[in-house]
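All values below were derived from every heavy atom in this structure, side-chain atoms included, with hydrogens, water molecules and symmetry-related copies excluded. Numbering starts at 1 and runs along the sequence shown. Both counts, for ligands and for their atoms, begin at 1 and track the order of listing.
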Amino acid sequence: MGAMQPVVVQHPLAQCHLSAIRATDTPSHEFRKHLNLLARLIFSEASRELPLEEISVQTPLALTHGARLARPVIFVPILRAGLGLLDGILPLVPDATVAHIGIKRDEETALPHAYYANLPANLAAADVFLLDPMLATGGSASEAVRQLKEAGALRITMICVVSCPEGLAALERAHPDVPIVTAAIDAGLNEKCYIVPGLGDAGDRYFGT
Ligand code: PRP
Ligand code: URA
């Protein structure tokens, strides 16, 4: 199966929030606000195809047709920085389940080290959204998708903010069935495997560490 093209969110407001989080002089409290709002815009695009089922709704005046999501939604932030996307998105699907995967890149090798997972039993029945602002080498996302598939997930969408050709190619190679939605495809990686121009260390900037 050929890999799908990544979806790049073109909304003008997304580009404004992205510019704010890229700026090196944006303090943590502003970085949080803009990342949360940007995540919401990206998720709006990523959730466009979620199937609905019809329900009846009694308004104060009449009975009418309504809709609800046909399947459960599970959000899976990759710790830590994925929590910055979750904070923005969760209010849109307040009854979603939140699972967690902990992965930390080795500072020397940039290889992913998985240190935590808490995954629910109903992954196969759900629409699963994997959340991480940065898709750099693609190692962390590929490992997270591997864990999710091993635990039964069938429909996984990767949501990131800043990606680059190396990370997109790696994730697409490892998991061609996983759609990727991003706000930007940057030029590439530097010698330390940071995305350039990027926004720096997303976790450190979100948490102020
Ligand atoms: C960052 C980022 C991704 C990963 C991306 O996390 O949030 O998880 O690096 O890099 P990759 O595509 O090359 O794997 P980091 O490992 O710094 O952990 P943190 O969020 O706890 O700071
Ligand atoms: N992780 C980050 O937080 N930023 C990068 O540019 C690459 C990996």
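The pair Asp132-Arg80 does not count as a salt bridge, with every side-chain nitrogen at least 4.0 angstrom from each carboxylate oxygen.
The closest non-hydrogen atom to atom 20 (O) of ligand 1, taken over His113, Arg80, Arg205, comes from Arg80. Comparing heavy-atom distances from atom 1 (N) of ligand 2 across Arg80, Lys192, Met134 singles out Met134 as nearest.
For the pair Leu135 and ligand 1, the shortest N or O to N or O distance does not fall below 3.5 Å. An N or O contact shorter than 3.5 Å links Gly138 to ligand 1 by distance. At a 3.5 angstrom cut-off on N or O pairs, Ala110 does not count as close to ligand 1.
The nearest heavy-atom contact from the protein to atom 8 (O) of ligand 1 is Asp132 OD2, 2.4 Å. In this structure, the protein non-hydrogen atom closest to atom 14 (O) of ligand 1 is Ser140 OG, 2.6 Å. Among protein heavy atoms, the minimum distance from atom 5 (C) of ligand 1 is reached at Met134 O, 3.5 Å. The protein heavy-atom contact nearest to atom 6 (O) of ligand 2 is Ile195 N, 2.8 Å. Here the heavy atom of the protein found nearest to atom 4 (N) of ligand 2 is Gly200 O, 2.8 Å. Considering only non-hydrogen protein atoms, atom 5 (C) of ligand 2 sits nearest to Tyr194 CD2, 3.4 Å. The protein heavy atom nearest to atom 3 (O) of ligand 2 is Ala202 N, 2.8 Å. Looking only at heavy atoms of the protein, atom 6 (O) of ligand 1 is closest to Ile103 O, 4.8 Å. With respect to atom 15 (P) of ligand 1, the closest heavy atom belonging to the protein is Lys104 NZ, 4.0 Å.
Remark: of the listed residues Leu131, Val9, Ile89, Leu85, Val9 is the sole one forming a side-chain contact (heavy atoms from CB on, under 4.5 Å) with Ile42.
Near Cys193, the atoms of ligand 2 lying under 4.0 angstrom from a non-hydrogen atom of the residue are 7 (C).
Put simply, part of Arg105 is less than 4.0 Å from ligand 2, judged by heavy atoms.
Looking only at side-chain heavy atoms (C-beta outward), Asp201 and Tyr194 come within less than 4.5 Å of each other.
For Phe207 and Phe31, the distance between ring centers is not under 6.0 angstrom.
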